[in-house]
Amino acid sequence: MELQLLFTNGFLVSPSTLFTALAMFAGVLSYLYGPYWRVRRVPGPPVFPLLGHLPLLAKYGPDVFSVLAKQYGPIFRFHMGRQPLIIVADAELCREVGIEKFKDINNRSIPSPIAASPLHQKGLFFTRDARWSTMRNTILSLYQPSHLASLVPTMQSFIESATQKLDSSKETEDITFSNLSLRLATDVIGQAAFGVNFGLSKLESINESIDKIDSKDNNDDDQVSDFINQHIYSTTQLKMDLSGSLSIILGLLAPILQEPFRQVLKRIPGTMDWKVERTNRKLSGRLDEIVVKRMKDSERGSKDFLSLIMNARESEAVAKNVFTQDYISAVTYEHLLAGSATTSFTLSSIVYLVAGHPEVERKLLAEVDGFGPPDQMPTAHDLQHKFPYIDQVIKEAMRFYLVSPLVARETSREVEIGGYLLPKGTWVWLALGVLAKDPNNFPEPDTFRPERFDPDCNEEKQRHPYAFIPFGIGPRACIGQKFSLQELKLSLIHLYRKYVFRHSPNMEKPLALGYGIVLNFKNGVKVRVVKR
Ligand code: HEM
């Protein structure tokens with residue numbers, strides 16, 4: 001009898017109970033620490049139980065990876081809660097991951113904010129393997145230069161109407177330029193993706209429209225602004241830190257709990273999961289309606305992305321199997337998502353940075369004024385060849401405030417990177433933001449100097465070819481790069497022909513950044529408009 005019972009803290013416990021408890025404890029430990037164990041040889045800071053390195057993210061914000069790269073070198077571990085990320089912070093290693101070893105690292109890892117949002121998973125960004133390559137090839141064929149060139153007049157007319165209000169603004173009045181640019185970019189991509197004029201540029205304020213979504217007087221008849229409200233809400237809730245919904249936080253700490261908890265929480269009115277679920281359901285419903293309607297439309301034409309993709313689906317057998325209705329909705333929606341926040345952030349940062357650098361502003365204005373009469377609309381060819389200084393300003397602003405400082409990838413088999421053998425399923429993230437501030441490639445990295453991108457200057461000639469990759473790298477790089485550059489250049493030319501901008505005294509210095517799926521300005525970019 002004494003042999004069968006053990007005395008623990010005053011309680012008698014049978015060996016089988018003790019064994020079960022120990023096995024459970026070992027199970028929990030191996031669940032929590034298994035992912036770490038597989039990549040433990042890669043250097044990294046000490047790990048906080050459960051939280052991983054999230055406290056470091058809270059302490060340093062988006063700069064955390066630069067801080068760690070200085071300490072641990074070009075490849076290191078960073079734990080997003082339980083999940084280790086292998087951060088690659090070196091141009092040559094990024095080339096290795098993104099190009100040379102692409103066939104072994106061809107998919108993206110799915111972070112918990114996306115895992116909590118089925119709507120976001122069926123776009124090009126997160127689809128995998130053969131489905132991804134079929135989707136990508138079909139979509140690429142829609143981005144022919146001639147199609148992009150044909151979008152210039154549409155882009156121009158949206159830019160003109162979105163910025164019309166600036167004419168009546170007083171020089172003492174604050175304009176939140178980041179709101180204006182988000183409305184503009186969403187309208188442009190809405191038209192290009194869906195062939196729908198959201199008319200968002202005419203709304204009073206984007207913040208008001210976000211607030212509206214939770215209020216009772218949300219007018220269901222106003223389909224366009226309702227749709228866009230859903231979009232903005234859904235997008236702004238995709239948080240990468242501990243400020244997201246409870247299920248997203250659980251996904252960071254113990255992913256196994258994320259889905260069961262999401263299923264429960266989404267049924268409890270008032271929780272963030274409930275709101276996100278309700279929004280995503282409405283958004284999917286609205287998208288499906290648009291898609292079904294367009295599918296039936298035999299005279300849909302070929303102006304917008306949605307129609308083009310449907311035409312491709314009808315003419316190619318492979319595309320038909322891959323682009324089922326749900327994937328068409330997702331990929332079209334993804335365009336709205338990927339094309340709005342990124343381009344708008346970049347436009348706002350350019351206006352902010354130019355306002356703070358009078359010499360850059362002077363050269364920019366000289367180039368814009370030298371192009372031709374104020375009403376001469378540039379062609380796609382003009383945009384590519386006649387604005388070399390604007391090219392440099394855009395590049396330098398994108399380097400200075402990199403909208404997407406991390407690019408997520410995942411190994412699909414065992415692969416060696418930077419001397420470390422990484423098992424299948426390892427999350428490998430490219431730290432584009434660290435590269436962009438590396439003094440070896442960008443001397444005085446915290447100085448805004450567009451001339452460093454002058455093709456004739458030594459700095460540009462000596463730089464590693466993959467040191468500046470704001471649109472990513474290799475076969476999985478951004479598909480909308482040319483689209484957004486065309487939009488950015490047209491916007492800048494139009495704006496600086498008519499106005500210059502000054503920082504508002506009511507704006508914090510330095511600008512506070514928020515860390516969602518892409519970078520954003522926490523309190524917006526506030527400027528004052530001076531008519532030229
Ligand atoms: C300033 C604007 C933009 C920036 C900085 C940007 C940046 C990026 C980056 C860094 C990636 C990941 C690339 C990689 O893994 O190597 C990406 C992917 C992607 N971007 Fe963009 N983007 C911008 C605008 C756009 C626009 C306008 C669209 C749509 C019209 C778009 C659609 C996409 C899509 C669909 C992917 C996924 C590609 C794939 O996985 O095959 N982006 N973007």
Side-chain angles (χ1 to χ4, degrees), residues 88 94-99 101-102 105-111 114 120-140 142-143 147-148 151 155 181-182 184-194 235 304-306 308-309 327 330-350 394-395 397-410 427-433 435-436 466 468-492 517-520:
V88 173
C94 283
R95 190 194 60 77
E96 202 176 317
V97 171
I99 299 174
K101 298 191 173 156
F102 178 74
I105 318 174
N106 54 339
N107 294 319
R108 290 185 201 288
S109 48
I110 302 191
I114 302 293
H120 295 90
Q121 280 176 45
K122 289 185 177 167
L124 189 64
F125 212 86
F126 289 106
T127 45
R128 300 163 83 88
D129 304 314
R131 178 182 277 277
W132 166 75
S133 55
T134 311
M135 276 170 73
R136 173 111 186 175
N137 287 337
T138 310
I139 294 172
L140 265 182
L142 314 178
Y143 278 94
H147 179 59
L148 278 180
L151 291 176
M155 283 185 174
S181 69
L182 184 55
L184 163 62
T186 311
D187 270 353
V188 169
I189 193 76
Q191 181 72 39
F194 295 99
T235 309
D304 58 87
F305 177 81
L306 180 56
L308 282 165
I309 219 164
Y327 278 89
V331 96
T332 315
Y333 174 64
E334 175 185 58
H335 266 57
L336 187 65
L337 177 66
S340 52
T342 47
T343 311
S344 119
F345 175 89
T346 307
L347 187 59
S348 302
S349 52
I350 297 171
I394 294 177
K395 282 186 181 160
M398 292 188 84
R399 181 195 72 80
F400 203 86
Y401 288 122
L402 200 81
V403 61
S404 181
L406 288 168
V407 156
R409 303 288 178 87
E410 184 183 316
W427 292 22
V428 178
W429 286 26
L430 310 180
L432 315 189
L435 304 190
Y466 294 103
F468 177 66
I469 43 171
F471 291 99
I473 185 167
R476 235 175 151 150
C478 178
I479 211 162
Q481 173 169 358
K482 291 195 177 124
F483 181 97
S484 70
L485 288 175
Q486 179 167 302
E487 181 180 344
L488 284 169
K489 283 191 207 173
L490 270 178
S491 306
L492 290 171
I517 44 166
V518 292
L519 227 56
N520 55 67

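Read the numbers this way: they start at 1 and go in the same order the structure lists the ligands and their atoms.
If you check which protein heavy atom lies closest to atom 34 (C) of ligand 1, you get Ile479 CG2, 3.9 Å. Scanning the protein heavy atoms around atom 32 (C) of ligand 1, the nearest turns out to be Ala338 CB, 3.5 Å. Shortest contact from atom 27 (C) of ligand 1 to any protein heavy atom: Gly339 CA, 3.4 Å. The closest protein non-hydrogen atom to atom 18 (C) of ligand 1 is Phe125 CE1, 3.3 Å. Ranking the protein heavy atoms by distance from atom 15 (O) of ligand 1 puts Arg108 NH1, 2.7 Å first. Among all non-hydrogen protein atoms, the one lying nearest atom 8 (C) of ligand 1 is Cys478 CB, 3.6 Å. The shortest contact between atom 30 (C) of ligand 1 and any protein heavy atom is with Tyr143 OH, 3.3 Å. Among all non-hydrogen protein atoms, the one lying nearest atom 1 (C) of ligand 1 is Thr346 OG1, 3.4 Å.
Between the side chain of Asp129 and the main chain of Asn107, no donor-acceptor pair closer than 3.5 Å is present. Judged by distance alone, with hydrogens and angles left aside, the side-chain atoms of Thr343 form no donor-acceptor pair with the main-chain N or O of Ser340 at under 3.5 Å. Remark: side-chain polar atoms of Asn106 are not paired, donor with acceptor, to backbone N or O of Phe102 under 3.5 angstrom.
Taking every non-hydrogen atom of Ser484 and a distance limit under 4.0 Å, the qualifying atoms of ligand 1 come out as 1 (C), 2 (C), 27 (C). Atom numbering of ligand 1 starts at 1 in the shown order; those under 4.0 Å from a heavy atom of Val407 are 10 (C), 12 (C), 14 (C), 15 (O), 16 (O). Taking every heavy atom of Ile473 and a limit of under 4.0 angstrom, the matching atoms of ligand 1 come to 16 (O). For ligand 1, the atoms closer than 4.0 angstrom to any heavy atom of Glu334 are 35 (C).
Under the 4.5 Å side-chain criterion, counting only non-hydrogen atoms from C-beta, Met398 is in contact with Phe471. The closest side-chain heavy-atom distance from Leu435 to Cys94 is below 4.5 Å. Residues Val88 and Trp429 have side chains not in contact (no heavy-atom distance under 4.5 Å, counting atoms from C-beta outward). Contact annotation: the side chain of Tyr143 never approaches that of Lys482 to less than 4.5 Å [non-hydrogen atoms, C-beta and beyond]. The closest side-chain heavy-atom distance from Ile189 to Phe305 is not below 4.5 Å. Residues Ser404 and Phe345 form no side-chain contact, since every pair of their non-hydrogen atoms from C-beta on lies 4.5 Å or further apart.
The closest approach between any non-hydrogen atom of Met398 and ligand 1 is below 4.0 Å. Using 4.0 Å as the threshold, Ile189 has a heavy atom nearer than that to some atom of ligand 1. Contact between Glu487 and ligand 1 is absent, with no heavy atom of the residue lying under 4.0 Å from the ligand. Distances from ligand 1 to the non-hydrogen atoms of Phe102 include no value under 4.0 Å.
Backbone and side-chain nitrogen or oxygen atoms of Arg136 are examined, and one is located within less than 3.5 angstrom of a nitrogen or oxygen of ligand 1. Every N/O-N/O distance between Phe471 and ligand 1 stays at or above 3.5 Å.
Going from atom CZ of Arg409 over to atom CZ of Arg476 covers 7.0 Å, rounded to the nearest 0.5 Å. Taking CG of Leu306 as the reference point, atom NE2 of His335 lies at 10.5 Å (rounded to 0.5 Å). Rounding to the nearest 0.5 Å places NZ of Lys122 at 5.0 Å from OH of Tyr327.
Relative to atom 7 (C) of ligand 1, the option among Ala185, Pro470, Ser349, Gly472 with the closest non-hydrogen atom is Pro470. Distances from atom 5 (C) of ligand 1 to the heavy atoms of Thr342, Thr127, Val403 put Val403 nearest. In this structure, of Arg409, Arg128, His335, the residue bringing a heavy atom nearest to atom 14 (C) of ligand 1 is Arg409.
The environment of Lys101 atom NZ is dense: over 12 non-hydrogen atoms of other residues, nucleotides or ligands sit within 6.0 angstrom.
Residue contacts with ligand 1 for Phe483 involve side-chain atoms from C-beta outward but no N, CA, C or O (heavy atoms, distance under 4.0 Å). Residue contacts with ligand 1 for Trp132 involve side-chain atoms from C-beta outward but no N, CA, C or O (heavy atoms, distance under 4.0 Å).
In plain terms, the two heavy atoms of Ile350 and Ala397 that are nearest each other are CG1-CB, 3.5 Å.
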